[in-house]
Structure formats: structure tokens, C-alpha cells
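In what follows, every chain begins at residue 1, and chains take the letters A, B, ... in the order their sequences are listed.
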There are 2 protein chains.
Amino acid sequence: MSTPTARALEHPPLEEIRLEAVLHALSDPMRLQVVRFLADLGQGQEAACSAIELAVSKSTTTHHFRVLREAGVINQVYRGTAKMNALRRHDLDALFPGLLDTVLEAEAAQRRRTG
Amino acid sequence: MSTPTARALEHPPLEEIRLEAVLHALSDPMRLQVVRFLADLGQGQEAACSAIELAVSKSTTTHHFRVLREAGVINQVYRGTAKMNALRRHDLDALFPGLLDTVLEAEAAQRRRTG
DNA sequence: TTCATTGTACGACGACTATCGTAATTTGAC
DNA sequence: GTCAAATTACGATAGTCGTCGTACAATGAA
């Protein structure tokens, strides 16, 4: 059968996602970079952890992805040896309309400004 | 004369305000409460630190106000024995259009949802 | 089975954070 | 000159955070 015992990954259900945790998750440059990357992928698209090159070690990368998942910002699922990541855009938009887009736009503005 | 040697307070100039610092400043419940309070005051209005009742000690309150100021979220100025606080709404809107309002709306939504 | 790929677990480290209490400072009023 | 009010400074403490390296585990391919 396909993925008989796929390792489970804890995700907060919609109603347990906290604004403070989301803001905290987004307040780190590395994690913001991850979110930007996933957003640029387009609606519903996913990417492996290894697809985005962060200037930190693998274990630190794992750490950041976990923070994002536990805050409710991304969804993670095992697919073969890879772990695929996708923004929980639908959930976030339902809870905090416009927040994700505004933060992404702010990040883009800052990048434009500071190079 | 009026305020000849008003104690100076360091504020980051507009171009040094960082999105990550702003998000971090807003990711604490106490500080979010302060921002909410100042926003509800209305455009350009200011309030003393003592005007908002936080469930922490006075020194901790001082700490949170400083974090907000150093992140560029609020402007602080001494006025007599008091220290007046106001949102840097104009600056924030110029740098990150819609961010403050979206976060405030998200906070309100969460408060509505979780009581 | 063997191997390469992908990511995790664990332990450690230094830095930062939120909190407190007490003592000190600044200012305006009396 | 005294006093009360508002806030800060300082030092402490417990906890979290971002980072690393090494060793380990899961998966799919050869």
C-alpha cells in the first residue's frame, strides 16, 4: 500500500493557531525567507525542505521548518525521503484575512528598499 | 523655557525600521495589547505608560514600551513626569502599507473568536 | 543488500527575553 | 525645600532561541 506508516506530523488545528505565534514565526529572517519561497511557488504548491537553500546547517533548517509548522504557518507531509512543505494559506486567510499577503508585501518592499 | 533639557529617547529613523523587528515586537501579547490600546486612541493621539494597565510589574511595562520604541512601532516623548506614547502609524504605513491595520484586525478577530 | 538522499534526535552553547523587586531619578505641585 | 507621582536603572533569575555537529533513521534506487 502507499505510505502505510507515514510518520505523523503534529499540526495545530485551525482554531488553535495563535496570532502571536504566527507573528513570532514570521519574525525570523530565515523563516521569512522560507515563507517567501513557498509563496512564490504559487497557490497550493509544495516544496521539499532541501529545495530552499538557507545559509544555516541542516539541523537549524529542520528547526525553522518545525517552528513554522507548529505556529500553523506551513503544512508538512512526508513524501518518500523528502518532507514537503506548503503554506497554510487557506487557513491563515480564514483566520487573519490579508495578514500573510500584507507581510509578504512588506517583506518585498523592504527587500526593494534595502537591496 | 519649556523642556530645556528633555531627556532624549532613541528612535530608529524611518529607513532603519526592520520588518523582522516590528513583527517580533508585535508577537508578544503584552505589547500587542499596548499597540491595540494606542490604536484605539485614534489618529495621532498619545497616552502615558501609566494609562494602560498591563498585568505585569512597572519595570516590565517599561521594558515592553522600550522594545516597541526600538523596533520603530511607537514614538515616546517625555512630558512632565510622564512619558507619552503614540503609534508611529504614518511611518509604518509608509514602510509597510496595511501591515499595522491588518495585524490589528487579526488581533481583533482572534479576540472575537476566543473571547 | 547496499547505498545515497533526506531529514531527525540529541546535546550543547551563547545570546537574548520576560519577569521581578528595590533603589534611584526626574519633574511638577505645594 | 518637600513631597508625591511617574518612570528608569540595576541586578537577578528562569526560560526560550538560533545555532551547531554528530550520530541516527527512513526511504527509494541500484
**OP:** Take Gln110(A) and Glu107(A) through the side-chain contact (heavy atoms from CB on, under 4.5 Å) test and state the conclusion after the steps.
**Re:** CA-CA 5 Å; Gln110(A) 175 167 284; Glu107(A) 189 272 340; 5.8 Å; no

Using whole Å, what does the distance between atom [atom2] of nucleotide [N] and atom [atom1] of [X] come to?
| X | N | atom1 | atom2 | answer |
| --- | --- | --- | --- | --- |
| Arg79(B) | dT27(C) | CZ | P | 14 Å |
| Met84(A) | dT6(C) | CE | P | 11 Å |
| Lys83(A) | dG28(D) | NZ | P | 16 Å |
| Leu9(B) | dA9(D) | CG | C1' | 14 Å |
| Glu10(A) | dT8(C) | CD | C1' | 16 Å |

**OP:** Determine, step by step, whether Arg89(A) and Leu38(A) satisfy the side-chain contact (heavy atoms from CB on, under 4.5 Å) criterion, reporting the C-alpha distance in whole Å, the side-chain angles of both residues, the deciding distance to 0.1 Å, and the verdict.
**Re:** CA-CA 10 Å; Arg89(A) 185 178 267 290; Leu38(A) 293 178; over 6 Å; no

Subject >> Candidate pair Glu15(B) and Arg113(A), rule side-chain contact (heavy atoms from CB on, under 4.5 Å), full reasoning >> reply: CA-CA 9 Å; Glu15(B) 65 275 12; Arg113(A) 210 172 49 246; 5.6 Å; no

Subject >> Identified side chain to side chain contact (heavy atoms under 4.5 Å, CB included) partner of Phe96(B) from the options Val103(B), Leu19(B), Thr102(B) >> reply: Leu19(B)

Original post:
Listed in order of residue number, which residues of residues 56-67 of chain B have a non-hydrogen atom at under 4.0 Å from DNA chain C?
Top reply: Val56(B), Ser57(B), Ser59(B), Thr60(B), His63(B), His64(B)

Original post:
Which parts of residues 18-32 of chain B get close to DNA chain C, meaning a heavy atom less than 4.0 angstrom away?
Top reply: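 The answer is His24(B), Asp28(B), Arg31(B).
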
Original post:
Side-chain contact, heavy-atom cut-off 4.5 Å: Arg36(A) with Gln33(A)?
Top reply: no

Original post:
Just wondering, do His24(B) and Glu20(B) contact through their side chains at under 4.5 Å, heavy atoms?
Top reply: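 A side-chain contact is absent here, since even the closest heavy-atom pair is not under 4.5 Å.
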
**OP:** Mind running side-chain contact (heavy atoms from CB on, under 4.5 Å) on Glu46(B) and Val77(B) for me, showing each step along the way?
**Re:** CA-CA 10 Å; Glu46(B) 55 185 22; Val77(B) 51; 4.2 Å; yes

Original post:
For DNA chain D, which residues in residues 68-75 of chain B have a heavy atom at a distance below 4.0 Å?
Top reply: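 None, since no heavy atom is under 4.0 Å.
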
Subject >> Note: Arg112(A)-Glu105(A) ion pair, threshold 4.0 Å (strictly below) >> reply: yes

Original post:
Is a side-chain N or O of Arg69(A) found less than 3.5 angstrom from the main chain of Glu10(A), in a donor-acceptor match?
Top reply: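 Yes; judged by distance alone, with no hydrogens or angles, the pair exists.
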
Original post:
Sub-3.5 Å donor-acceptor pair from the side chain of Asn85(A) to the main-chain atoms of Gln76(A), do we have one?
Top reply: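 Absent.
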
**OP:** Give, for atom CG of Leu99(A) and atom CG of Leu104(A), the distance between the pair rounded to the nearest 0.5 Å.
**Re:** 9.0 Å

Original post:
Does a side-chain N or O from Thr81(A) land closer than 4.0 Å to OP1 or OP2 of dA4(C), or not?
Top reply: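 For dA4(C), OP1/OP2 do not have a side-chain N/O of Thr81(A) under 4.0 Å.
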
